[in-house]
There are 2 protein chains.
Amino acid sequence: MPGGRPRSFDADAALDRALEVFWRHGYEGTSLTDLTTAMGINKPSLYAAFGNKEELFAKVLARYLDGPGAYTADALDASTGREVVEQLIHGAVDLTAGQNTPHGCLCVNSVHARGPDAHTVRQDAIAVRKAGEAALRRRLEQATDLPSRYEPAALAALIHTISDGIAVQAAAGRSHDELRQIGDSALRALLD
Amino acid sequence: MPGGRPRSFDADAALDRALEVFWRHGYEGTSLTDLTTAMGINKPSLYAAFGNKEELFAKVLARYLDGPGAYTADALDASTGREVVEQLIHGAVDLTAGQNTPHGCLCVNSVHARGPDAHTVRQDAIAVRKAGEAALRRRLEQATDLPSRYEPAALAALIHTISDGIAVQAAAGRSHDELRQIGDSALRALLD
DNA sequence: TAAGTTTTATACCTATCGGTACGTTACCTC
DNA sequence: GAGGTAACGTACCGATAGGTATAAAACTTA
């Protein structure tokens with residue numbers, strides 16, 4: 001019964017190309033032409049496979065979280081609270097100032113897409129951020145080795161804020177080395 | 001010799017309207033129609049008075065720094081290093097989560113304008129950020145009341161990073177009260 | 001009042017935006 | 001092979017982007 005012409009491209013590879021472009025140029029700075037060129041497909045194929053620009057972005061964001069952004073979930077598996085925090089800060093530096101990837105964080109970028117057509121995208125990014133911080137807070141509630149001056153919710157919010165700052169710094173052109181120093185300063189301030 | 005039809009609008013007031021729009025919707029999310037509508041003038045008047053969109057943005061950014069963003073320069077006049085830092089963090093919270101202004105920071109937003117037409121804007125924003133951090137570093141070098149574990153350059157970079165994070169959090173919708181708590185947590189981590 | 005000057009408003013320009021209609025091509029099943 | 005099905009490439013859509021030509025309007029100076 002089924003059949004039809006087979007797809008001439010790999011959907012996951014195409015998503016990775018789209019991720020590259022959205023990450024580097026932002027949602028509003030990326031045109032469909034940019035996307036189809038990078039993905040090696042044309043517009044009807046894009047729409048058939050991924051939906052419109054907003055839906056494609058949602059799929060790209062999910063792939064980002066599962067790939068480059070997976071360190072945020074992985075860090076929660078560390079055995080001590082300190083290690084969780086260290087992995088989050090160092091992971092943010094490595095992600096946002098990587099050598100082979102655009103500088104900055106796709107999710108932080110997307111919060112700043114505030115044009116009329118980017119509403120859904122921004123809401124998606126905000127939802128992801130909220131979920132991530134809630135998971136961190138729950139993890140920190142289990143930790144027993146963190147300075148007692150913090151409530152878990154406050155520490156989670158602060159770590160999240162510092163990660164955001166690292167992403168901005170990376171997007172503004174700071175080098176990985178400089179960011180690593182900033183991250184280490186932050187860890188000392190937080191944990192010592 | 002001179003003369004000519006007098007301008008029917010106040011240039012500074014028009015710039016303030018443009019600032020509102022750019023701040024709320026971002027450089028790439030703001031169209032010329034948005035601008036002319038908010039400013040109450042039409043396109044030829046805008047071009048004659050302020051140049052093209054990029055030049056207008058540069059003027060708006062300067063006005064932002066002289067107005068809402070002036071707290072960054074004012075803070076450097078505080079008498080102690082601790083006060084400098086406190087004013088910077090609290091000022092960032094008040095600026096980016098103000099009741100009567102858009103949430104977020106115009107300068108941080110603009111770093112995330114990464115489309116092909118926003119190159120100049122992004123460079124302008126980055127230059128402003130660099131200058132601000134250098135001024136902070138110089139001020140911190142004069143301070144004698146800050147924890148000795150920091151080098152001034154590292155502390156300036158860390159404060160700047162935390163301010164950026166606050167701006168992102170505000171842009172993502174955090175309330176002023178929550179941000180104030182985050183800022184206070186950060187100050188304790190930095191200064192205690 | 002006439003000349004000169006600058007701003008105003010309208011109407012328009014080209015390029016590009018996101019999105020789609022449609023006919024062709026390539027595959028699977030029978 | 002024939003028929004059905006789905007992806008392909010091209011060519012196009014209306015809307016809007018940033019930017020401008022042009023001429024009427026409002027002022028100053030002489």
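Protein chains get the first letters and strands the later ones, always in sequence-line order, with residue 1 at the start of each. These values consider heavy atoms only, across backbone and side chains, with no hydrogens, waters or symmetry-generated copies.
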Worksheet entry | Side chain to side chain, A:Tyr47 and A:Leu32, heavy atoms closer than 4.5 Å |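 SC-SC contact between A:Tyr47 and A:Leu32 confirmed.
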
Fill in: Spacing between B:Phe50 atom CZ and C:dT7 atom P, to the nearest angstrom
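Atom CZ in B:Phe50 sits about 11 Å away from atom P in C:dT7.
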
Fill in: Atom-to-atom span, CD1 of B:Ile41 to C1' of C:dT7 - whole angstrom
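B:Ile41 atom CD1 is separated from C:dT7 atom C1' by 11 Å.
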
Worksheet entry | Heavy-atom pair of closest approach, residues A:Thr101 and A:Leu95 |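 Shortest heavy-atom contact: OG1-O, 3.9 Å.
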
Worksheet item: Would you say A:Asn42 reaches D:dG9's phosphate, i.e. side-chain N/O to OP1/OP2 under 4.0 Å?
Response: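 For D:dG9, OP1/OP2 do have a side-chain N/O of A:Asn42 under 4.0 Å.
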
Discussion item. Within the 3.5 Å criterion, strictly below it, is a donor on B:Thr161 or B:Asp164 matched to an acceptor on the partner's side chain?
Written reply: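 On atom types as modelled, these side chains do not qualify, holding no pair under 3.5 Å.
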
Fill in: B:Phe50 and B:Phe9 aromatic ring geometry - parallel, tilted or perpendicular at 30°/60° bounds
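Rings of B:Phe9 and B:Phe50: tilted, 30 to 60°.
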
Worksheet item: Is there side-chain contact between B:Arg129 and B:Val108, with heavy atoms separated by less than 4.5 Å?
Response: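 Of all side-chain heavy-atom pairs linking B:Val108 with B:Arg129, at least one is under 4.5 Å.
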
Fill in: N/O (side chain, A:Ser8) to phosphate O (OP1/OP2, D:dC8) under 4.0 Å
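Yes, A:Ser8 has a side-chain N/O under 4.0 Å of OP1/OP2 on D:dC8.
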
Discussion item. I'd like to know if B:Arg137 pairs up with B:Glu141 as an ion pair, taking the criterion as any Lys NZ or Arg NE/NH1/NH2 lying under 4.0 Å from an Asp or Glu carboxylate oxygen.
Written reply: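 Looking at B:Glu141 together with B:Arg137, the answer is yes, because their closest N to O distance falls below 4.0 Å.
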
Worksheet item: D:dA26 C1' sits how many Å from B:Phe9 CZ, rounded?
Response: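 So the CZ-C1' distance, B:Phe9 to D:dA26, works out to 15 Å.
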
Worksheet item: Hey, are B:Glu55 and B:Lys59 close enough for a salt bridge, meaning a charged N less than 4.0 Å from a carboxylate O?
Response: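 Salt bridge: no.
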
Taking N or O atoms only and anything under 3.5 Å, show me the protein contacts with nucleotides 23-25 of chain C, one pair per line.
from	atom 1	to	atom 2	distance (Å)
C:dT25	O2	A:Arg5	NH1	3.1

Worksheet, complete the sentence: Expected string for nucleotides 13-21 of chain C under the B/S/- scheme (protein heavy atoms, under 4.0 Å, primed atoms plus P, OP1, OP2 as sugar-phosphate) is ----SBBBB

Worksheet item: Just to confirm, is there a sub-4.0 Å distance from OP1 or OP2 of C:dT8 to any side-chain nitrogen or oxygen of B:Ser45?
Response: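 So the side chain of B:Ser45 is within the cut-off, an N or O lying under 4.0 Å from OP1 or OP2 of C:dT8.
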
Worksheet entry | Cation-pi geometry met for A:Lys53 and A:Phe22 (6.0 Å, 45°) |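 Judged by the rule (NZ or CZ under 6.0 Å from the ring centre, within 45° of its axis), A:Lys53 is not positioned above A:Phe22.
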
Worksheet item: Between C:dT8, C:dA26, D:dC27, which nucleotide has the shortest distance from any of its atoms to the side chain of B:Arg7?
Response: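 The answer is C:dT8, which lies nearest to the side chain.
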
